[in-house]
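First comes the structure, then the notes that go with it.
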Amino acid sequence: MSKIRIALVVLLLWSILLTSFVSAQTRQSWTNTPEIERKVEALLKQMTLEEKIGQLNQYSYGMPTGPGTGRSKVEEAIQRGEIGSFLNVTDPALSNRLQHIAMEQSRLKIPLIFGLDVIHGYRTTFPVPLALSATWDPPLVQRVSRIAAEEATSSGIRWTFSPMVDIARDPRWGRIVEGAGEDPYLGSMMARAYVRGYQGENLNDAHSMAACAKHYVAYGAAEAGRDYNTVDMSERQLREVYLPPFHAAVDEGVATLMASFNSINGVPASANQFTLTQVLRGEWGFRGFVVSDWGSVGELIPHGVANDLATAARKGFLAGVDMDMESNAYFQHLAGIIKAGQVPQAALDQAVRRILRVKFALGLFDQPYVDEKNAVTTLPAANVAAARDAAEKSFVLLKNDAAMLPLQKGVRTVALIGPLADSAHDMLGAWSARGDAKDVVTLKAALEKRAERDGFRLIYAKGTEIRGTSDAGFADAAAAAAQADVVLLALGEDASWMTGEAASRAFIDLPGNQQQLLERVAAAGKPTALVLFSGRPLALTPAAARVNAIIEAWSPGVQAGPALERVLFGEAAPYGRLTVTFPRSLGQVPIYHSVLNTGRPPVGLDLTRPPTDSNEKFKSRYVDEQNVPLYPFGFGLTYTAFDYAAPQADAKEISVDQLNAGRAKLSITAEVKNTGPRRGEELVQLYIGLRGTSVARPVRQLKGFRRIALAPGESQRVEFTIGREELAIWQRDTTYAVEPGELSIWIAPNAQSGTAVTVQLR
Ligand code: BGC
């Protein structure tokens, strides 16, 4: 063999080795294996036009999760290859029955893929996603979503419509409960954690599900918090705030995305070529498939960009929606459109390829059925323990005057009051898949057990209904409080009616007459803690004024009671921190931490004093409300206290060129000390601000966080490093780079406190 030949062979072997190494390393590797590609191409060649379109067609079977449905004769349609996927099939016997038709009676034997909203657990219900985000604990979220995958796949569900990675900054929007809150940095970390959990190491593991990052995109920015409403925003805002969690999910290898209901700058997201193709495919190289939201292709008609379903099908499809959920638009019209030459055949092939690729990657062709015997029907003990752990870590202690919590062990009489104390169903929260209220241990049930064990007296009074108007129960509640040493008030929202999809609220107070109940109870003058169950930030100012402690418990899932009881009695310390800002009042909404400074910031005003105390006019402020929220982003107390020294940077200035080249990093440290009476964990947060840049930057942006544990009196120097990734911005021409300017850095317990160190970027 000549030297050149040998060199070529070595080079070839080396490149094969390198490619396999690289594909094993990158998260997207499942989407790009030559073997799958070969199989996809071979199958595609055999498919008729109708069979191809069938793969793009998804129907709901059973419980609808959107308006209108009810297909008949789906069995015959499967035989003819007209359906590629079902959603809402949760009975493994049914899924097997339908799959057998696809695998045995259809011409090409292409398996169906069954999808479901497995959002925070399947049989074992975990805290709602907003609560999970409050753990600031991505490994925990990964564990939770892995458990959800294990349970759901046991019923034949290999595709979940989760995670919802929509950034949400308006608590009126009911779906704020389904996401990770207001911040793109944290949202991106959570997006990755969910994808890792659901999809596992290998998508073709029978316990792995394809994840679906939704709702692409900007759905969380619905005007006035009204669900499905319009979104109009700059490309910069889109790129900086709303796209990053999707990009993170794609980078992590998410198999699918769901196109959203809203319009973006006049163009519905389900017909948006810019987001669905230019950004998603062109810039990010996504190789999985995009499913529409429920009927969102058909909704191009009411949006006003299509006058008939055929046009809707053409526009949605050409923009980049591969699979049509429930509109029946592709099924009815795509063939005609393609025959008329309005959509190229190649585009159809591409969409089919993407769907088949995911089906092959999941191993569905080899393992289409589920073993009905193994379906998880009762809750595995380990999963229940994980649910308790997740719930415990999701609670946020918002107020704790005079260290009212944890409750003293020797307490003799506890009054438990309120409509959420024993409402099992509300503990499950929105989208609880196969969650069952019978599995829930409520706060009342947990406290009853504890009272028996610890020998204290528990007096329970419901007080009112969640959305109650009658005060008939107030007297009993007041009497219970009068007899007690401490009062626990279990108040909040009706999880199924007020949180989740189509559950926007125009008022974000305690519902019904719960505030009046609270006032009646507080009048007893006993130490009173509010245990709040909500799927969104509520305007708590009037409640906070009357109680000694507040613990935000969200919708905690099946282990609501045991988790709460352990935190209330100090066996576990509050661990959660807010991932959404809690406003003082509705008029401040939308309110979030990473705001721009404006040309007239209310500097010099004491932002914590009532505005009427100041004469400063012509400032960006309310005349009748403070600018600051009641509880800022990142905030949360625990059973000890921490002190932060001013941060220090390892340089006074740093070269922008070096930063852009990825060759420079900045190290920032701060000493954090446990100054309280107990051992505790602190969530140390890193924020940055930039001034002097070509575009105005938020006063603060989250860029890192770390959890530390300290004994009383102990301190630790916490270090963060930042570089190009943290400092680059979308410039005016939408290129992404670090610019010269002044950098402020905070290491702080929340978005609203701490002192900054400044560094010049030159
Ligand atoms: C929701 C999606 C959900 C879908 C399927 C829609 O109404 O917006 O989040 O995945 O229904 O249930």
Side-chain angles (χ1 to χ4, degrees), residues 57-71 83-90 113-122 128-130 145 148 152 155 157-168 173-180 191 194-195 198 209-222 225-229 231 245-246 249 254-263 268-270 288-300 302-303 316 321-329 429-435 496 499-504 535:
N57 189 28
Q58 186 189 48
Y59 289 149
S60 174
Y61 195 111
M63 243 286 279
T65 41
T69 185
R71 319 259 165 227
I83 301 175
S85 172
F86 281 99
L87 72 153
N88 298 335
V89 173
T90 55
I113 175 170
F114 296 97
L116 187 78
D117 295 277
V118 182
I119 309 282
H120 51 112
Y122 180 67
V128 287
L130 185 61
S145 38
S155 286
I157 295 148
R158 296 294 305 279
W159 181 20
T160 176
F161 306 126
S162 173
M164 186 188 101
V165 302
D166 294 312
I167 297 299
W173 192 48
R175 302 198 81 169
I176 196 170
V177 69
E178 290 179 57
Y194 279 106
V195 173
Y198 291 136
M209 297 194 279
C212 180
K214 70 186 189 183
H215 306 82
Y216 193 66
V217 56
Y219 183 38
R226 209 176 69 226
D227 210 357
Y228 319 119
N229 206 5
V231 173
F246 288 96
V254 74
T256 72
L257 262 73
M258 185 184 290
S260 57
F261 289 125
N262 55 289
S263 60
S270 291
F289 70 85
V290 175
V291 63
S292 76
D293 202 343
W294 181 289
S296 69
V297 171
E299 287 173 19
L300 297 177
H303 267 297
V321 174
D322 302 306
M323 185 183 277
D324 172 7
M325 180 195 288
E326 272 293 325
S327 291
N328 220 15
W431 295 111
S432 58
R434 292 302 293 256
S496 42
T499 79
E501 187 175 352
S504 295

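Order of listing sets the numbers, starting from 1, for every ligand and every atom in it.
- Among V297, L300, N57, the one residue that satisfies the side-chain contact (heavy atoms from CB on, under 4.5 Å) test with S327 is V297.
- The distance between the ring centers of F161 and W294 does not fall below 6.0 angstrom.
- Minimum interatomic distance between G295 and E326 (heavy atoms only, all atoms of both residues): N-CB, 4.1 Å.
- A heavy-atom distance below 4.5 Å is not found between the side chains of S260 and D293.
- The ligand atoms of ligand 1 that sit less than 4.0 angstrom from a heavy atom of K214 are 2 (C), 3 (C), 9 (O), 10 (O).
- In this structure, the side chain of N262 does not engage the main chain of A222 through any donor-acceptor pair within 3.5 Å.
- Of all the atoms in ligand 1, the ones that sit under 4.0 Å from a non-hydrogen atom of D293 are 1 (C), 2 (C), 3 (C), 4 (C), 6 (C), 7 (O), 8 (O), 11 (O).
- Ligand 1 does not have M164 within reach: every non-hydrogen atom of the residue lies 4.0 Å or more from it.
- Between Y219 and ligand 1, no pair of N/O atoms sits closer than 3.5 Å.
- Interface atoms of ligand 1 facing M258, defined by a heavy-atom separation under 4.0 Å, are 2 (C), 10 (O).
- Taking the six-membered ring where the residue is Trp, Y219 and F261 present perpendicular rings, their angle passing 60° and hence far from 30°.
- At a 4.0 Å cut-off, at least one heavy atom of H215 sits close enough to ligand 1 to count as contact.
- Listed by atom number, the atoms of ligand 1 under 4.0 Å from F161 heavy atoms are 10 (O).
- At a 3.5 angstrom cut-off on N or O pairs, D117 counts as close to ligand 1.
- Contacts between N88 and ligand 1, counted as non-hydrogen atom pairs separated by less than 4.0 Å, are absent for every part of the residue.
- Checking only distances, E178 never comes within under 3.5 Å of ligand 1, N or O to N or O.
- For the atom pair CG (D117) and CD (E501), the distance works out to 8.5 Å, reported to the nearest 0.5 Å.
- Ring geometry for W159 against F289 counts as perpendicular: the plane angle is over 60°, on a 0 to 90° scale with 30° as the lower cut.
- The ligand atoms of ligand 1 that sit less than 4.0 angstrom from a heavy atom of L87 are 5 (C), 12 (O).
- Residue contacts with ligand 1 for R175 involve side-chain atoms from C-beta outward but no N, CA, C or O (heavy atoms, distance under 4.0 Å).
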